[in-house]
Amino acid sequence: MHWADFTAEKLSKERGNRQVACSGITPSGEFHIGHIREILSAEMIHRACLDAGLDSRYIFIVDSMDPLRRVYPFLSEEYEKYIGCPLAFIPAPNSDGKPDPNGLSYAEHFLGPFLDALAEIGVFPEVIMNHETYSKSQFAEKIDSAIEQADEIREIIETISGRELDDDWFPYKPLGSDGSMDGVTVTGYEKPFVHWTDRHGKSGSADIRKAEGKLPWRIDWAARWGIHGITCEPAGKDHGAAGGSFDTGLPICKLLGSEPPSKMVYEWIQVKGAGPMSSSSGNTVGPIEALNLVPPEILRYLIAGSKMNRHIDFNTGSALFQMADEYERLVADPPNPDAEDLTKRQRVAAITQSGAMRLSQIKRGGDPLDSLAGVTFRHLAMLAQIKTSDDDVWNSLRNSGHLSGEPNSALQNRLERMRNWIGSIHFPEDARINIQKVIDENSRAQLSSEQLSFLEKLAVELRDSEWSDETIGNTIRMTSANSGVSGREAYIALYWAMLGRSHGPKASALIFEIGKNAAIELFSS
RNA sequence: GGGCCUGUAGCUUAGUCAGGUAGAGCGCCGGGCUUUUAACCCGGUGGCCGGGGGUUCAAAUCCCUCCAGGCCCGCCA
């Protein structure tokens, strides 16, 4: 069974009909591909719950109340003064990394493009800005409860995480006079006010019914489970470590009077750049960038097709061919769990694969066949490189029998992404078609004298040839017959001459794209 | 130091939770398509399931142990 369906079944038994799946991310900077797993793990479980007939919601909590922790490399020094301030209350950086007082908040700034990317992969969460949950007083009861039971919570955190808390530790962090929660000391509590003095010597009171402070992370997380009735929240492996925030969250959530979701941990996505630059610069791949290269259903399949506890190598190099082709193959020839002659294992595998395919669809319940491009990624990569216009690509596919009529949106989408990919540093070099200007020494060494004379003759014949795919093909055949080289040898010679390899895409189409003068120059060189 | 995960064919892996004769894709090899779209079709090669021990009629699967690799653990989501 697919992990999402398995989880849905488990949730149904444990928590009944009403389910709330949740993701949570701090918008401290650009979102990256790893966040896609956070989102999709929960969203796919949500979909599986719906498919199982459960009443399910999917919420995405944006940790907008979290403070800016440090001045990140993409920020200017001016952000120094905002350290410790909630991301919802400070200005977003402009293109120079300077605070832009007229723009969006820091949190919104980074969230917007991410939500756009999510829409492209068919994810439409209920977005909850955590600072609003604070300002709408929804945290108040939990905060009061946490303060009243501060000793118990301290005990839980110290015992389970093995961490020693300071003597002045308090389960609520008020904002000081400058809006920062750094350097603020709690001096007392009179419901609903937490009294404080800050590092500037000023004192004041934070109303727990407003966004004037927040719970520390470990308590915040535990509290929100209860506030939103969350039944499932897959967490990154960093939370999953023994004594981590998941482990302390479970008892704290109960202490605050709610039932926590059961622990669920997903592995991380690692970016192994195929391009030479990514290893040195170490830059991450953003979801928007990823979507420019990878068709959305295939990005979903990356997550759906991997078990939660396995790390994923996000590879925009040659592995992308493999992943895309695997998806294509599955859609074209779907596994049939009902087939008679399957062993138990094969049946389980078939069910799992069907689930992965179902969950990979952009639209829930969408027909996988609608996402069938009908061409392998590798083949499309070749055509995209030798055909400059999309119409020529479609024509070529019609000629080869891959396409009848007009391309569907999935195929158009694939080609668009493919062109982006080819234009990027991520496209694998060995798939790149580099047409030689002259026959290099290495290629020449591969060729017999007959083959070389064939090329010379071809150059002459082409001079008077009409410039069409078909005519060029005929000219090749005619010339090879006249030169006494076999068809096979002739083509091999052409590929060595054009590409420096023994194989390649259809030669006549390639010569057509090279153009008459360049081709003649090449073959007579 | 604490903990998690992984180790199955040359490569990527399914199957491990619910034990029942090791599956797939890629690659490779051979053949076909009346002489090449990196296409397509057919067939084939290939694995003491990391090592060892235990439980069982039966172990890739459960238990113990060892080896190897990856990762997480600063109130930091």
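Lettering follows sequence order; numbering is per chain, from 1. The shown structure was predicted, so the numbers you read here are calculated from the model rather than taken from an experiment.
A cation-pi arrangement is present between A:R378 and A:F321 under the rule of less than 6.0 angstrom and at most 45 degrees off the ring axis.
In this structure, B:rG1 and B:rC73 make a Watson-Crick or G-U wobble pair, each of the two defining distances being under 3.5 angstrom. Across the strands present, B:rU16 finds no partner; the criterion is a Watson-Crick or G-U wobble pair with both atom distances under 3.5 angstrom. Pair assignment for B:rC40: B:rG32, on the basis of Watson-Crick or G-U wobble contacts that are both within less than 3.5 Å. Summarising the base pairing, B:rG46 is matched to no nucleotide, lacking a Watson-Crick or G-U wobble pair whose two defining distances lie under 3.5 Å.
Rounded to whole Å, atom P of B:rC73 lies 9 Å from atom NZ of A:K237. Taking atom CZ of A:R310 as the reference point, atom P of B:rU16 lies 12 Å away to the nearest angstrom. With rounding to whole Å, A:F246 atom CZ is found 16 Å from B:rC73 atom P. Atoms NZ (A:K10) and C1' (B:rC17) sit 11 Å apart, rounded to a whole Å. Atom CD1 in A:I351 sits about 12 Å away from atom P in B:rG15, given to the nearest Å. Straight-line distance from the CG atom of A:L494 to the P atom of B:rU35: 16 Å, rounded to whole Å. In this structure, A:L320 places its CG atom 16 Å from C1' of B:rG25, rounding to the nearest Å. The distance between atom CD of A:Q353 and atom P of B:rG15, rounded to the nearest whole Å, is 9 Å.
Rounded to whole Å, the separation between the P atoms of B:rC63 and B:rA18 comes to 10 Å. Annotation: B:rC72 and B:rG30 have their C1' atoms spaced 49 Å apart (nearest Å). Spacing of P atoms, B:rU34 relative to B:rU21, comes out at 43 Å, to the nearest Å. Rounded to whole Å, the separation between the C1' atoms of B:rU45 and B:rC67 comes to 31 Å. Rounded to a whole angstrom, the distance from the C1' atom of B:rG15 to that of B:rA9 is 15 Å. Across the C1' atoms, B:rC48 and B:rG44 are found 23 Å apart, a figure rounded to whole Å. Rounded to whole Å, the P atom of B:rA24 lies 14 Å from the corresponding atom of B:rC42. On the C1' atoms, B:rC11 is 11 Å away from B:rC28, given to the nearest whole Å.
Along RNA chain B, the nucleotide closest to A:H379 and the one closest to A:T352 are compared, and the more 5′ of them pairs with A:T352.
Nucleic acid contact for A:W221: none, since no nucleic acid atom lies under 4.0 Å from a heavy atom of the residue. Base contact: A:S396 has a heavy atom under 4.0 Å from a base atom. Nucleic acid contact class of A:R224 (heavy atoms, under 4.0 Å, all strands): sugar-phosphate only. If you check every strand for non-hydrogen atoms under 4.0 Å, A:L383 touches a base. Residue-level contact check: A:L397 touches neither bases nor backbone, having no heavy atom under 4.0 Å from any strand.
Nearest to the side-chain atoms of A:Y495 among the listed nucleotides B:rA14, B:rU36, B:rC76 stands B:rU36. Out of B:rC71, B:rU37, B:rU36, the shortest distance to the side chain of A:Y491 is found at B:rU36. Checking B:rU36, B:rC17, B:rA14 against the side-chain heavy atoms of A:F6 singles out B:rC17 as nearest.
The aromatic rings of A:W225 and A:W221 sit tilted relative to each other, their planes meeting at an angle between 30° and 60°.
Side-chain contact check for A:I61 versus A:V127: every heavy-atom pair is 4.5 Å or farther apart. A heavy-atom distance below 4.5 Å is found between the side chains of A:I39 and A:I25. Side-chain atoms of A:R199 and A:D182, non-hydrogen and from C-beta on, do get closer than 4.5 Å to each other.
For CD of A:E30, the number of neighbouring non-hydrogen atoms (other residues, nucleotides, ligands) closer than 6.0 Å is 12 at most.
Looking only at distances, a side-chain donor or acceptor of A:R432 sits under 3.5 Å from a matching main-chain atom of A:I422.
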